[in-house]
**Q** 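Quick one: the structure is below, and I'll ask about it shortly.
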Amino acid sequence: MTAVVEPGSDAPRRQRTPRKERKVSPSVRELGELVGFAADTVVAIWTSITRRKFSWKEFLVQLQFLASVCSIPAILVMIPFGVVVGVIVGSLASNVGAENYSGAVVAFLIVGQAAPLVSALMIAGVGGSAMTADLGARKIRDEVDALEVMGISVLERLVVPRVFAAVVVTMLLTSLVMALGIGASFVFQVTAMDVTAGSFLDTMTDFASLNDFIVAQIKAVLFGLTASVACCAKGLTAKGGPGGVGNAVNEAVVMAFIFVFFVNVGVGEVYALLLPPGGG
């Protein structure tokens, strides 16, 4: 510091040095940008609905695309998973003499956890990577900038239809893989584990209430919304040419997976607080 003497004063005054600005962590900045993008997307959804500017053509194209690329992988994952659940649950139940309660355990695992998570991972890993690559390619080809120059909202034109399509496909996939998982476990336990069909269905219907199916669909909506927003955000911020698009795809898939698991834990905790076991 340097001493500065004011005119007419014998006492020196120290000159203050400017404070250095703190640098924001790239992770914190990226999280803030993602939150801002999510808020802008919610506003764009509201605008599309209220002003009837929803792009139905783009929505139907994305709906058909996501359903076609996600259905087969989800089926191939869920059928073996149902068999594995049947094997594990059946062996454990036979060891403790509770074979008649295997249907309840299967319903808890598949309806409450597995079906929405498998659907969300398909949307994030298969459909989300495709969405990120598509939007990233549009970004580096300056198509996104061209839409903005023409006064067309990129969020309303490209993001909102993809978000709606992802939510709808996630809900449909959840119902599909739920039925396939329960069916595969039912067939295996009845044919290989000597569990009667009546006891399996009775315990499943006794312990799996309508609330469980509703919560599974709520999870599907939140999972599809979270994964699609994260993937669209990474796609529209891609830079650095084709290599940057590839990096954006990898980051989007990892980010979507992390957010899905956080949302799953949050919904599970809220559900346990609102409807505790045995509390009706």
Side-chain angles (χ1 to χ4, degrees), residues 30-31 33-45 47-49 53-74 76-77 118-174 220-260:
E30 186 174 0
L31 182 60
E33 292 175 353
L34 182 61
V35 172
F37 182 85
D40 294 338
T41 302
V42 172
V43 175
I45 291 174
T47 303
S48 300
I49 294 175
K53 297 172 63 177
F54 186 74
S55 180
W56 287 102
K57 181 179 179 180
E58 186 72 16
F59 166 73
L60 294 176
V61 170
Q62 295 300 319
L63 185 69
Q64 187 272 336
F65 172 74
L66 291 177
S68 62
V69 299
C70 296
S71 298
I72 301 300
L76 295 177
V77 168
V118 168
S119 302
L121 296 182
M122 291 300 106
I123 288 294
V126 181
S129 60
M131 285 191 292
T132 305
D134 179 35
L135 293 178
R138 292 171 183 262
K139 177 67 175 179
I140 65 173
R141 292 199 303 263
D142 295 331
E143 293 182 16
V144 174
D145 296 335
L147 290 176
E148 293 177 350
V149 169
M150 291 187 292
I152 300 174
S153 174
V154 176
L155 294 178
E156 295 179 6
R157 179 65 178 82
L158 299 178
V159 176
V160 173
R162 285 168 170 78
V163 170
F164 270 98
V167 170
V168 172
V169 171
T170 308
M171 294 178 66
L172 296 177
L173 278 181
T174 299
V221 172
L222 295 177
F223 292 165
L225 181 64
T226 303
S228 60
V229 168
C231 293
C232 289
K234 295 302 296 183
L236 290 177
T237 56
K239 55 185 177 180
V245 175
N247 293 332
V249 170
N250 295 332
E251 294 174 2
V253 172
V254 174
M255 186 182 299
F257 282 1
I258 294 174
F259 288 158
V260 162

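Atoms considered below: every heavy atom in the structure, side chains included; atoms not considered: hydrogens, waters and symmetry mates. Because the structure is a prediction, the values reported are computed rather than measured.
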**Q** Only counting residues at least two apart or in another chain, list the ones meeting side-chain hydrogen bond (donor to acceptor under 3.5 Å, both in side chains) with Thr132.
**A**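 Applying side-chain hydrogen bond (donor to acceptor under 3.5 Å, both in side chains) to Thr132 gives none.
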
**Q** Can you name the residues that form a side-chain hydrogen bond (donor to acceptor under 3.5 Å, both in side chains) with Thr174, not counting sequence neighbours?
**A** Ser119

**Q** Mind jotting down which residue pairs meet the ring-ring contact (aromatic ring centres under 6.0 Å, His included) criterion with at least one end in residues 222-244? Sequence neighbours excluded, please.
**A** none

**Q** Could you go through residues 144-153 and list every donor-acceptor pair under 3.5 Å that involves a side-chain atom there, pairing it with any protein atom two or more places apart or in another chain?
**A**
from   : atom 1 : to     : atom 2 : distance (Å)
Ser153 : OG     : Glu156 : N      : 3.3

**Q** Does any pair with a residue in residues 128-166 pass ring-ring contact (aromatic ring centres under 6.0 Å, His included), and if so which ones, sequence neighbours excluded?
**A**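 Found Phe54-Phe164.
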
**Q** Sequence neighbours excluded, which residues qualify as side chain to side chain contact (heavy atoms under 4.5 Å, CB included) partners of Ser228?
**A**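 Expected list: Met131, Val163, Ala166.
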
**Q** Please report the C-alpha distance between Cys70 and Ile123 in whole Å, then the side-chain angles of each, then the deciding distance to 0.1 Å, and finally whether the side-chain contact (heavy atoms from CB on, under 4.5 Å) criterion is met.
**A** CA-CA 7 Å; Cys70 296; Ile123 288 294; 4.0 Å; yes

**Q** Which distance, rounded to the nearest 0.5 Å, do you find between the CG of Leu236 and the CG of Leu158?
**A**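 Atom-to-atom, Leu236:CG and Leu158:CG are 7.0 Å apart.
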
**Q** Under 3.5 Å, side-chain donor or acceptor atoms of residues 34-44 against the rest of the protein: list the pairs with distances, not counting sequence neighbours.
**A**
from  : atom 1 : to    : atom 2 : distance (Å)
Thr41 : OG1    : Phe37 : O      : 2.8

**Q** Name the atoms and distances for all side-chain donor-acceptor pairs under 3.5 Å in residues 237-256, with sequence neighbours left out.
**A**
from   : atom 1 : to     : atom 2 : distance (Å)
Thr237 : OG1    : Ala233 : O      : 2.8
Thr237 : OG1    : Lys234 : O      : 3.3
Asn247 : ND2    : Gly243 : O      : 3.3
Asn250 : ND2    : Gly246 : O      : 3.3
Glu251 : OE1    : Lys234 : NZ     : 2.7

**Q** Sequence neighbours left out, what pairs pass salt bridge (charged side-chain N to carboxylate O under 4.0 Å, His left out) with at least one residue falling in residues 240-250?
**A** none

**Q** For Val61, which residues count as a side chain to side chain contact (heavy atoms under 4.5 Å, CB included) partner, sequence neighbours excluded?
**A** none

**Q** With sequence neighbours excluded, give me every side-chain hydrogen bond (donor to acceptor under 3.5 Å, both in side chains) pair touching residues 59-71.
**A**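 For residues 59-71: Glu58-Gln62.
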
**Q** Does Thr170 reach the side chain of Val221, with side-chain heavy atoms less than 4.5 Å apart?
**A**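 No, side chains not in contact.
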
**Q** Sorted by first residue and then second, give each salt bridge (charged side-chain N to carboxylate O under 4.0 Å, His left out) pair with at least one member in residues 126-136; sequence neighbours left out.
**A**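 Listed by first then second residue: Asp134-Arg138, Asp134-Arg162.
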
